[in-house]
Amino acid sequence: MSTENNQGETNQRDKDEVVVPERSKIPNITIINVVLLVGILVLYALYFYPAFSSQDANTATDETEKIEQMIAGEALNIAYVNSDTLMSKYSLAKKMRADFEAEQKRLENDLKNKQTRFQTDVEDFQRQIQQGSIGMEEGQAKEQELMQRQQEIVQLNDTYSNRLMAQEMEMNQDLYKKITDLLDRYNQEKDYDYILGFSPGGGILYASKKHDITEDILKRLNDENDANQ
């Protein structure tokens, strides 16, 4: 029994010895690998960094020069036209707008008159029914007539709306062509890179007055329009 106990204790000590690793060897291998890796990274940085630094410096210098040129006005030659002023003072635009508003008023009045007459006829028909002064067949025929007129008024309203939309689109296209044609000829003299359209509340939040060519463009547009009258 004593022998078995001794063998059990011996086996247990052997197991314990197997479980415990040789810890003293692990840190040495890790430290060597880390030192080698740091050395490689230092050599890599010393070899390649001068080239990267030189390239970055050159790029930064180029970008700085471009920005300075743009600030100095050397890169782009820009002007702008105040769109609101142009549309309010251009004689052709004022005439087109007056003609459009007159046509709009005429169509609105025509539609309104038809609606008033229709409403009056509907009220007369209702009185005739209430008084019993109209027969069944005549009443049915009158009802069909009124329904047909109502449909015609709805269609007429759509027709007039589409006509005005088409007229307004054509007017805007004509004005746009007149202005852009003149700007094209104007820029043959001035050689701007961009001529922008400026309007309060638009995409351009600020524009210096020294780039404003509105009055010059407006005068030329009105002179050409007067010459064509």
Side-chain angles (χ1 to χ4, degrees), residues 79-186 194-207 212-229:
Y80 72 88
V81 175
N82 190 306
S83 305
D84 291 350
T85 302
L86 207 63
M87 289 298 98
S88 63
K89 295 184 178 181
Y90 181 22
S91 56
L92 180 61
K94 291 193 291 184
K95 181 182 183 304
M96 285 184 169
R97 185 167 58 252
D99 292 343
F100 175 79
E101 290 174 353
E103 178 67 5
Q104 184 181 30
K105 187 71 173 178
R106 186 185 70 81
L107 296 179
E108 287 176 351
N109 288 337
D110 182 62
L111 186 64
K112 184 178 180 180
N113 291 335
K114 286 181 170 55
Q115 289 173 333
T116 300
R117 287 196 299 270
F118 171 75
Q119 186 64 31
T120 300
D121 291 345
V122 169
E123 292 172 356
D124 289 341
F125 178 60
Q126 289 174 344
R127 279 196 301 268
Q128 289 174 351
I129 292 176
Q130 291 172 356
Q131 295 171 0
S133 60
I134 187 171
M136 181 177 295
E137 292 184 3
E138 186 180 358
Q140 290 176 347
K142 186 66 175 178
E143 183 180 9
Q144 287 296 116
E145 177 194 342
L146 290 174
M147 291 176 62
Q148 179 67 27
R149 285 174 58 188
Q150 183 182 30
Q151 186 176 0
E152 290 174 355
I153 289 174
V154 172
Q155 292 175 348
L156 187 63
N157 181 55
D158 292 340
T159 300
Y160 284 173
S161 297
N162 292 334
R163 183 185 302 178
L164 289 172
M165 288 177 59
Q167 182 177 341
E168 185 176 22
M169 183 178 297
E170 183 179 357
M171 177 184 69
N172 290 335
Q173 289 175 347
D174 289 344
L175 287 173
Y176 179 79
K177 188 175 187 308
K178 290 282 187 182
I179 294 171
T180 53
D181 285 349
L182 185 136
L183 287 175
D184 185 59
R185 287 182 277 113
Y186 179 85
Y194 293 95
I195 299 179
L196 307 177
F198 172 75
S199 179
I204 302 174
L205 301 180
Y206 172 79
D212 188 355
I213 60 172
T214 305
E215 293 301 324
D216 195 11
I217 296 299
L218 184 60
K219 183 179 185 306
R220 296 193 184 205
L221 285 170
N222 285 333
D223 288 345
E224 287 189 2
N225 186 55
D226 293 341
N228 293 328
Q229 296 299 320

Trainee: Please name the pair of heavy atoms, one in Asn222 and one in Lys89, separated by the smallest distance, quoted to 0.1 Å.
Mentor: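 Looking at all heavy atoms of both residues, the shortest contact is ND2-O, 3.4 Å.
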Trainee: For a 4.5 angstrom cut-off between non-hydrogen side-chain atoms, does Gln173 reach Tyr176?
Mentor: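 When only atoms from C-beta onward are counted, Tyr176 and Gln173 do not touch, as no gap falls below 4.5 Å.
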Trainee: Looking at Asp216 and Arg220, does any basic side-chain N land under 4.0 Å from a carboxylate oxygen?
Mentor: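 Salt bridge flag = yes for Arg220 with Asp216.
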Trainee: If you look only at pairs with a residue in residues 90-102, which of them pass as a salt bridge (Lys or Arg N to Asp or Glu O under 4.0 Å), with sequence neighbours excluded?
Mentor: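 Sorted pair list: Lys95-Asp99.
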Trainee: For the residue pair Leu164 and Phe100, what are the closest heavy atoms and their distance?
Mentor: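 The pair with the smallest heavy-atom distance is O-CE1, 3.4 Å.
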Trainee: State whether the side chain of Asn157 and the backbone N or O of Ile153 hold a donor-acceptor pair below 3.5 Å, judged by distance alone.
Mentor: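 Checking the backbone N and O of Ile153 against the side chain of Asn157, no donor-acceptor pair under 3.5 Å is found.
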Trainee: Just verifying a value: how many Å separate Asn109 CG and Lys105 NZ, rounded to the nearest 0.5 Å?
Mentor: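 Here the interatomic distance stands at 5.5 Å.
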Trainee: Not counting sequence neighbours, which residues clear side-chain contact (heavy atoms from CB on, under 4.5 Å) with Ser88? List them please.
Mentor: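 Testing Ser88 for side-chain contact (heavy atoms from CB on, under 4.5 Å), a comparison that skips the adjacent residues, returns none.
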Trainee: Return the minimal non-hydrogen interatomic distance between Gln150 and Phe118, and the atom names on each side.
Mentor: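 Heavy-atom minimum between the residues: CB-CZ, 3.5 Å.
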Trainee: Identify whether the distance between the nearest side-chain nitrogen and carboxylate oxygen of Glu103 and Arg106 falls below 4.0 Å.
Mentor: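 Here Glu103 pairs with Arg106 in a salt bridge, since their nearest N and O are under 4.0 Å apart.
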Trainee: Checking Ile195 against Ile217 for the side chain to side chain contact (heavy atoms under 4.5 Å, CB included) test, could you report, in this order, the C-alpha distance in whole Å, the side-chain angles of both residues, the deciding distance, and whether it holds?
Mentor: CA-CA 11 Å; Ile195 299 179; Ile217 296 299; 6.0 Å; no
Trainee: For atom CD of Glu137, decide whether the heavy atoms of other residues, nucleotides or ligands shown that lie under 6.0 angstrom number more than 12.
Mentor: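 It does not: Glu137 CD has 12 such atoms or fewer within range.
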Trainee: To the closest 0.5 Å, what do you measure between CG (Asn225) and CG (Leu182)?
Mentor: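 That separation rounds to 11.5 Å.
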Trainee: Under 6.0 Å from the CD atom of Glu170, do we count more than 12 heavy atoms belonging to anything else shown?
Mentor: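 Not buried by this count: 12 neighbours or fewer within 6.0 Å.
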Trainee: Please report the interatomic distance CE(Met147) to CD(Glu145), rounded to the nearest 0.5 Å.
Mentor: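 So the gap between those two atoms works out to 12.5 Å.
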Trainee: Shortest non-hydrogen contact from Phe198 to Ala207?
Mentor: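 That closest heavy-atom pairing would be CD1-CB, 4.2 Å.
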Trainee: State which residues pass side chain to side chain donor-acceptor pair (under 3.5 Å) with Tyr80; sequence neighbours excluded, sorted by chain then number.
Mentor: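 Tyr80: no side chain to side chain donor-acceptor pair (under 3.5 Å) contacts found.
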Trainee: Do Asn228 and Glu224 pair up side chain to side chain, a donor and an acceptor below 3.5 Å, judged on atom types alone?
Mentor: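 No donor-acceptor contact under 3.5 Å links the two side chains.
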Trainee: Of all heavy-atom pairs between Ser91 and Asp226, which one has the smallest distance, and what is that distance?
Mentor: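 Shortest heavy-atom separation between Ser91 and Asp226 comes out as OG-OD1, 4.3 Å.
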Trainee: Please give me the minimum heavy-atom distance between Ile204 and Gly197, naming the atom from each residue.
Mentor: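 So the minimum-distance heavy-atom pair works out to CD1-O, 4.0 Å.
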Trainee: Given side chains that start at C-beta, do those of Gln104 and Gln167 come closer than 4.5 Å, heavy atoms only?
Mentor: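 The answer is no; the side chains never approach within 4.5 Å.
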Trainee: May I ask you to say whether Lys114 pairs ionically with Asp110, meaning some side-chain N is under 4.0 Å from a carboxylate O?
Mentor: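 A salt bridge links Lys114 with Asp110.
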Trainee: Looking at CD of Gln119 and CG of Leu146, how far apart are the two atoms once the value is rounded to the nearest 0.5 Å?
Mentor: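 Those atoms lie 10.0 Å apart.
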Trainee: Out of curiosity, Ile213 CD1 to Lys219 NZ, how far, rounded to the nearest 0.5 Å?
Mentor: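 So the gap between those two atoms works out to 14.5 Å.
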Trainee: Got Leu92 and Met96 here, is their nearest side-chain heavy-atom distance under 4.5 Å?
Mentor: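 Of all side-chain heavy-atom pairs linking Met96 with Leu92, at least one is under 4.5 Å.
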Trainee: So how far is it from Ile129 CD1 to Met136 CE, rounded to the nearest 0.5 Å?
Mentor: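 Here the interatomic distance stands at 11.0 Å.
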